[in-house]
Amino acid sequence: MRMTRLHAPTLKEAPKDAEVQSQKMLVRGGYIRKLAAGIYDFLPLANRVLRRIETIIREELDAAGAQEVRLPMVQPAEIWEESGRWGFYGPELLRLVDRKGGNFCLGPTHEEVIVELVRRDVRSWRALPLNLYQIQTKFRDEIRPRAGLMRGREFLMKDAYSFDVDDASALVTYDAMYQAYERIFARCGLDFRAVEADTGAIGGSRSHEFQVLADSGEDAIVSCDTCDYAANVEQAELPVPAAGGGPESAAVEVVATPGQRTIEEVSAFLGLPAERFIKTLVVTVDGRPYAVLVRGDHEANLLKVKRLLGAASVELATDAEVVAATGAPVGFAGPVGLKGVDGILADHAIAGLRDAATGANLADAHRIHVDAGRDFDARYADLRLAGDGDPCPRCDGRLRGFRGIEVGHVFFLGTKYSAPMRCNYLDEAGQERPMVMGCYGIGVSRIMAAAVEQNHDERGIVWPAAIAPYEVVILPLQMNKPEVVEAAEQLYADLARAGFDVLLDDRNERAGSKFIDAELIGIPYRIAIGARDLAEGNVEFKQRAGGDMERVALAEVTSRLQAARAERAR
RNA sequence: CGGGGUGUAGCGCAGUCUGGUAGCGCGCCAGUUUUGGGUACUGGUGGUCGGAGGUUCGAAUCCUCUCACCCCGACCA
């Protein structure tokens, strides 16, 4: 491709609404343009990157036995009512009404559509397992789209759905997809971790996220420094700590703490370290108030509360609800004598606490010398959020915290959709059974952004070669020197013939502009042709990812690039 | 949805307080010049000042309403 023909409008300055590096660089490099909040145009360079990612996905999924389909984006409400999600999904589901008054939505995901497709035509155990996937634009009306492509409303996604005869077979499929995912992200040149994850709104019983490690990631994950345990912090389990205990403290005493609400304030005021505090959160569980206790230096994980109680919703109580439950303003709740709640739940770390401090359920007052067990009772469980430095639940190692960008997610769904939607088959005994499903997503456009987040420098993008829009860029440095232009044209033709995706910067620009744009766009290999070196029959070869500038004979360029390719493949 | 902020040329911004009919840098077009890290100079193109209504002799500027976008939070996962 010639730069004079390529529609890649590069910018010197990033638009002011760009927030993260990937967004700034993709906009500046002429890859994307924003049309509306969370909705982007993909220009030719971006389209090429997306296609290369798609190709890797298709190769690996086809090899794993999946088949590609294309499903509608506009979906009728009926199938969502049947699965129970029409009422459940919330405003994130963009709903439409057609001219006849029929209700539809833009597909945020395709479980309903695929189940409708499969149950219609698949009746026999002989047809299973079946695994279908598509690569398609999805729409989720996010309340707040942000971070460019990383959390848009419209985005490109690969979604796959598997159907098996039983759990054992479905787990084999799950593992095959898990391994295909590892190959896909590795081939894309990403540094990632597969982590145990919550199943969330999709539902199901087993789930892993594939997280690209990047400081700008929205997700917090922990990974053991010794074994291979890794999990989203929302999901991460913590081992039950050794029972604390110790001598009984003095009798509980109420002390005045005027205006001191946060652990930090009270800790400073009373001169007690945060780990001697019992933090008391009032939460509303399916409409009923509960107290959740965690140590002052810990954070509660409300998802764990939700799972423990099997609740549909758990949220932090409003100020009014706190007052109703504790009789005191927000900031002074405590477990001692707490009557206004349906139950008191406490993290394991609370069990051994002696001589602790906590809210007094009175305005401007706290209690000290509080002993767990003596002064209050609670139901103990693992309720806190894991973090950097916490013990691993599987071995003696320590958990380390990372930020991640979720680029893939695999779910073991079981019969969550197949049972209510009657997606059944007949087994060998002629018995009707629900199919056992799995679903598997990859954020294709998000991979593009994540790759940039993980691979850039101050000058621009540094694409992993496997997903770069072009492999080589040729820069003729003096367009007024016929021999330079001629050599560049010849090399361009030769490299194309040798099977390289090559870009020729044939613009009548100065050398500086060409270098700067080539670095911004991030093409892995750069061949600069200048009159001085050319007189000796040489050109300059440089890899975007680093390394020194190499002087290479013009005739050797193709073999030098082939060597670079081979090096990469190792 | 709550809080905060911004809308003026393709991009980045000044002008708004104190009303007088729109400007700077970059880009783009033409020419000259230059040619190994965003050359220099000259000339030029380009704007319903987010939109509607109002006040006024006169509104980018003041008032009312409205839309869009961004940030923090909640939400989602």
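Note that the structure is a prediction, hence the values are computed from the model and not measured. Letters A, B, ... mirror the listed sequences (proteins, then strands); counts begin at 1. Only heavy atoms go into these numbers, but all of them, side chains included; no hydrogens, no water, no symmetry mates.
Base pairing of B:U32: its partner is B:A40, meeting the Watson-Crick or G-U wobble criterion (both donor-acceptor distances under 3.5 Å). With a cut-off of 3.5 Å on both Watson-Crick or G-U wobble distances, the partner of B:G46 is given as none. Across all strands shown, the partner of B:C1 is B:G73, judged by Watson-Crick or G-U wobble contacts whose two distances both fall under 3.5 Å. Across every strand in view, B:U21 sits unpaired, with no contact that passes the Watson-Crick or G-U test at under 3.5 angstrom. With a cut-off of 3.5 Å on both pairing distances, the Watson-Crick or G-U wobble partner of B:C65 is B:G51. Base pairing of B:A60 is not made with any nucleotide, judged by Watson-Crick or G-U wobble geometry with both donor-acceptor distances under 3.5 Å.
Considering only the side chain of A:Glu13, B:G25 comes nearest among B:A77, B:G37, B:G25. Side-chain atoms of A:Arg526 lie closest to B:G37 of the nucleotides B:A77, B:G12, B:G37. Closest to the side chain of A:Lys12, from the set B:C76, B:G27, B:C11, is B:G27. Nearest to the side chain of A:Asp533, among B:C69, B:G36, B:U39, sits B:G36.
Just one of A:Asp494, A:Val473, A:Ile474 meets the side chain to side chain contact (heavy atoms under 4.5 Å, CB included) condition when paired with A:Val502; it is A:Ile474.
Using atom P as the reference point in both B:G47 and B:U39, the two lie 28 Å apart (nearest Å). When the P atom is used for both B:G51 and B:G10, the distance is 13 Å, rounded to whole Å. Comparing the P positions of B:G19 and B:C75 gives a spacing of 47 Å, expressed to the nearest Å. Only the P atoms considered, B:U61 is 16 Å distant from B:U56, to the nearest whole Å. Atom P of B:C11 sits at a distance of 14 Å from the matching atom of B:G50, rounded to the whole Å. Rounded to a whole angstrom, the distance from the P atom of B:U16 to that of B:U6 is 14 Å. Spacing between B:A14 and B:G5 at atom P, rounded to whole Å, works out to 16 Å. Separation of the P atoms belonging to B:G53 and B:G38 is 50 Å when rounded to the nearest angstrom.
Toward the 5′ end of RNA chain B lies the nearest nucleotide of A:Glu540, the other residue of the pair A:Glu540 and A:Arg153 mapping further downstream. Along RNA chain B, the nucleotide closest to A:Asn480 and the one closest to A:Thr10 are compared, and the more 5′ of them pairs with A:Asn480.
Between A:Arg2 and A:Glu489 there is a salt bridge, since a side-chain N of the basic residue sits under 4.0 Å from a carboxylate O of the acidic one. Using a 4.0 Å cut-off between charged nitrogen and carboxylate oxygen, A:Glu111 and A:Lys416 do not count as a salt-bridge pair. A salt bridge does not link A:Asp215 with A:Arg403: every distance from a Lys NZ or Arg NE/NH1/NH2 to an Asp or Glu carboxylate oxygen is 4.0 Å or more. Of the charged side-chain nitrogens involved, none lies within less than 4.0 Å of a carboxylate oxygen, so that A:Glu154 and A:Lys138 do not count as a salt-bridged pair. A salt bridge links A:Arg544 to A:Asp457: one of the charged nitrogens lies within less than 4.0 Å of a carboxylate oxygen.
Atom CZ of A:Arg507 and atom P of B:U39 are 11 Å apart (whole Å). Across the protein-nucleic acid pair, A:Asp505 atom CG and B:G38 atom P stand 15 Å apart, rounded to whole Å. A:Ile527 places its CD1 atom 19 Å from the P atom of B:G36, with the value rounded to the nearest Å. Between the CG atom of A:Leu534 and the C1' atom of B:U35 there is a distance of 15 Å, rounded to whole Å. In this structure, CZ of A:Phe515 is placed 13 Å from P of B:U39, rounded to the nearest angstrom. Following rounding to the nearest Å, A:Arg28 (CZ) and B:C26 (C1') show an atom-to-atom distance of 13 Å. When the P atom of B:G37 is taken as reference, atom CG of A:Leu475 falls 13 Å away, rounded to whole Å. Rounding to whole angstrom units, CD1 of residue A:Ile39 and P of B:C70 are separated by 10 Å.
Ring pair A:His208/A:Tyr178 is perpendicular by interplanar angle, where above 60° counts as perpendicular and below 30° as parallel.
The phosphate of B:U35 (OP1 or OP2) has no side-chain N or O of A:Arg510 nearer than 4.0 angstrom. The phosphate of B:C69 (OP1 or OP2) has no side-chain N or O of A:Lys16 nearer than 4.0 angstrom.
Nucleic acid contact class of A:Glu209 (heavy atoms, under 4.0 Å, all strands): none. Across all strands, A:Lys34 comes closer than 4.0 Å only to sugar-phosphate atoms, never to a base (heavy-atom distances). A:Gln478 comes within 4.0 angstrom of a nucleotide base, judged by non-hydrogen atoms across all strands. Across all strands shown, A:Ala528 has no heavy atoms under 4.0 Å from either base or sugar-phosphate atoms. Using a 4.0 Å heavy-atom criterion, one finds that A:Asp219 contacts no nucleic acid atom at all. Here A:Arg151 lies in heavy-atom contact (under 4.0 Å) with a base. Nucleic acid contact class of A:Glu218 (heavy atoms, under 4.0 Å, all strands): none.
Scanning atom types as modelled, one donor and one acceptor separated by under 3.5 angstrom connect the side chain of A:Glu519 and the base of B:G37.
Annotation: A:Glu218, atom CD; neighbour count of heavy atoms from other residues, nucleotides and ligands within 6.0 Å is above 12.
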